[in-house]
Amino acid sequence: MKKLVFVSLLACLFLILGSAQSAEKTTVNLMIDADILRSPNETQEYEAEQLLSAMFNEINGRHAVATIFTCQDVLRAYPRLKITRIGNTPGFELAMSGNHSIEKLSNESYKTQKKILEDSKEWTEASKYCGINEITANGFMPSSFDQNEDTYKVLDGLGIQYDAGYLAGRIYAPGHQEDTWPYEVRGHNFYAVPISTYDLSGELVPLQDRYFNDSGLNSSQWYDALTGKFEEAQDSDQPVVIVLTSSVSGSGSYLDALKEFLDFALSNEASFV
């Protein structure tokens, strides 16, 4: 069966199309949306850093890996060494978002989008130890999955290799409604990476903690969705692609749900990529 497989190399996520039989291990991809309040004060900056650190420590402590998507607001506020340390951790990747976490790129002109995303790429790639490592922002995830054709043109011009602004069965390129593995977007130079969706009471919802939290669903329901999707993926040869928001899963019961899911997935021989 043909599928796309994630491979992490030098903190970059590469997408490789190959032929393979159903894998024994279920592929899990964790995407962390590092967010922060607009115009935060010093205390709020520190709190945002602690939330991201808590998630990083739990994932890294279990020898799992993740991709950290950073918007410009985060990179301006967080102590640069914190982001740099994460980006220099083997298996972890820094990727880019837009200007801030409530942004609607589709409301902006091509020229404005180009400026926003050029700046985001520059800010992300500056999060490095000079003379020790280099960071290339190969990936992009728009806030609220909001983007348009102008966004795609900008991504092509920036050499972005994959776009995580898609939802399996809900937001997809023409002809790819059923795809759950990454696929090439016709007419562009990048791959679409569909975030997993889950059937919740007959509705296909994104496997995103912010969606569950904003919908008034508790952490137990979130954990049930994570494990339910994992079990579904085991039976259907799908990846499990999850979006974790630092302001949601960085503390409290949602952080507990993340810990429990990591332990559950590892006990079931998940392959984190």
Side-chain angles (χ1 to χ4, degrees), residues 1-20 27 29 31 33 67-72 93-125 135-197 204-208 236-243 273:
M1 174 182 177
K2 288 189 175 182
K3 66 172 67 174
L4 288 165
V5 182
F6 293 113
V7 177
S8 179
L9 177 63
L10 299 177
C12 295
L13 190 66
F14 294 95
L15 301 172
I16 300 174
L17 182 62
S19 298
T27 298
N29 181 225
M31 296 184 175
D33 177 9
T67 299
I68 317 292
F69 289 90
T70 54
C71 62
Q72 292 177 46
E93 177 197 16
L94 290 185
M96 57 180 269
S97 185
N99 193 16
H100 54 81
S101 55
I102 58 173
E103 187 171 53
K104 295 290 186 181
L105 282 173
S106 65
N107 292 337
E108 306 294 345
S109 67
Y110 170 80
K111 182 178 180 180
T112 300
Q113 289 195 46
K114 186 172 184 289
K115 173 61 175 172
I116 290 171
L117 297 182
E118 284 178 343
D119 288 350
S120 291
K121 194 171 194 293
E122 183 177 345
W123 273 91
T124 303
E125 294 180 343
I135 290 176
T136 302
N138 288 320
F140 167 72
M141 182 168 63
S143 175
S144 304
F145 305 104
D146 180 79
Q147 55 187 338
N148 59 15
E149 282 294 331
D150 284 340
T151 316
Y152 306 151
K153 292 176 185 176
V154 176
L155 297 182
D156 284 338
L158 292 176
I160 296 300
Q161 295 183 10
Y162 69 91
D163 178 356
Y166 298 83
L167 290 173
R170 287 190 51 175
I171 302 175
Y172 48 85
H176 292 278
Q177 181 175 359
E178 303 300 325
D179 285 346
T180 56
W181 292 93
Y183 54 86
E184 293 180 272
V185 178
R186 178 178 294 183
H188 295 284
N189 302 323
F190 56 84
Y191 284 84
V193 179
I195 306 304
S196 295
T197 50
L204 205 58
V205 302
L207 208 61
Q208 178 194 40
S236 58
D237 191 30
Q238 300 178 38
V240 181
V241 186
I242 304 164
V243 179
V273 298

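Computed from a predicted structure; not experimentally measured. Each residue takes its place number in the sequence, starting with 1.
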Taken in chain and number order and not counting sequence neighbours, the residues that satisfy side-chain hydrogen bond (donor to acceptor under 3.5 Å, both in side chains) with Ser144 are none

Residues at least two apart in sequence or cross-chain that pass side-chain hydrogen bond (donor to acceptor under 3.5 Å, both in side chains) with Gln147, listed by chain then number, are Asp163

### Task
Show your reasoning for whether side-chain hydrogen bond (donor to acceptor under 3.5 Å, both in side chains) applies to Gln113 and Asn148.
CA-CA 10 Å; Gln113 289 195 46; Asn148 59 15; 3.2 Å; yes

Value for CE (Met141) from OG (Ser97), rounded to nearest 0.5 Å, stands at 6.5 Å

inquiry  = With heavy-atom distances below 4.5 Å as the criterion, would you say the side chains of Lys121 and Ile160 are in contact?
reply    = yes

Contacts of Glu118 meeting salt bridge (Lys or Arg N to Asp or Glu O under 4.0 Å) (sequence neighbours excluded), chain-then-number -> Lys114

Note: Asp179 and Pro194 closest approach over all heavy atoms is O-CG, 3.9 Å

Distance col, row Leu94:CG vs Met96:CE, nearest 0.5 angstrom, shows 12.5 Å

Tightest non-hydrogen contact, residues Phe69 and Ala164, listed as CZ-CB, 4.3 Å

Taking every heavy atom of Ile116 against every heavy atom of Asn99, the minimum-distance pair comes out as CG2-N, 3.7 Å

Contacts of Gln238 meeting side-chain hydrogen bond (donor to acceptor under 3.5 Å, both in side chains) (sequence neighbours excluded), chain-then-number -> Lys229, Ser236

Shortest non-hydrogen pair, Lys153 vs His188, comes out as N-CE1, 4.4 Å

Are Met31 and Val193 close enough that some pair of their side-chain heavy atoms sits under 4.5 Å apart? yes

Original post:
Are any non-hydrogen side-chain atoms of Gln161 and Phe190 less than 4.5 angstrom apart?
Top reply: no

In this structure, CD1 of Ile195 is separated from CG of Leu207 (nearest 0.5 Å) by 9.0 Å

Taken in chain and number order and not counting sequence neighbours, the residues that satisfy salt bridge (Lys or Arg N to Asp or Glu O under 4.0 Å) with Asp156 are none

**Asked** Heavy-atom count around Glu122 CD within 6.0 Å, excluding the residue itself: above 12?
**Response** no

| query | Is the Tyr152 ring parallel, tilted or perpendicular to the Tyr166 ring (thresholds 30°, 60°)? | reply | parallel

Residues at least two apart in sequence or cross-chain that pass ring pair (Phe, Tyr, Trp, His ring centres under 6.0 Å) with His176, listed by chain then number, are Tyr183

| Heavy-atom distance under 4.5 Å between the side chains of Thr180 and Pro239, does that happen here? | yes

Sorted by chain and residue number, the side-chain hydrogen bond (donor to acceptor under 3.5 Å, both in side chains) partners of Ser120 (sequence neighbours excluded) come out as Gln72

Taken in chain and number order and not counting sequence neighbours, the residues that satisfy ring pair (Phe, Tyr, Trp, His ring centres under 6.0 Å) with Tyr172 are none

Rounded to the nearest 0.5 Å, the CG atom of Asn189 sits from the CG atom of Leu158 at a distance of 11.5 Å

d(Asn138 CG, Glu125 CD) to nearest 0.5 Å is 8.0 Å

Output for pair (Thr197 OG1, Leu204 CG), nearest 0.5 Å, gives 3.5 Å

With sequence neighbours left out, the residues meeting salt bridge (Lys or Arg N to Asp or Glu O under 4.0 Å) with Lys115 are Asp119

Taking every heavy atom of Ala95 against every heavy atom of Gly139, the minimum-distance pair comes out as CB-O, 3.4 Å

Residues Asp33 and Val243: closest non-hydrogen pair is CB-CG1, 4.3 Å

- Message: A side-chain contact here means heavy atoms from C-beta on lying under 4.5 Å apart; do Leu117 and Thr151 qualify?
- Response: yes

Pairing donors with acceptors under 3.5 angstrom, does anything connect the side chains of Thr67 and Glu93?
yes

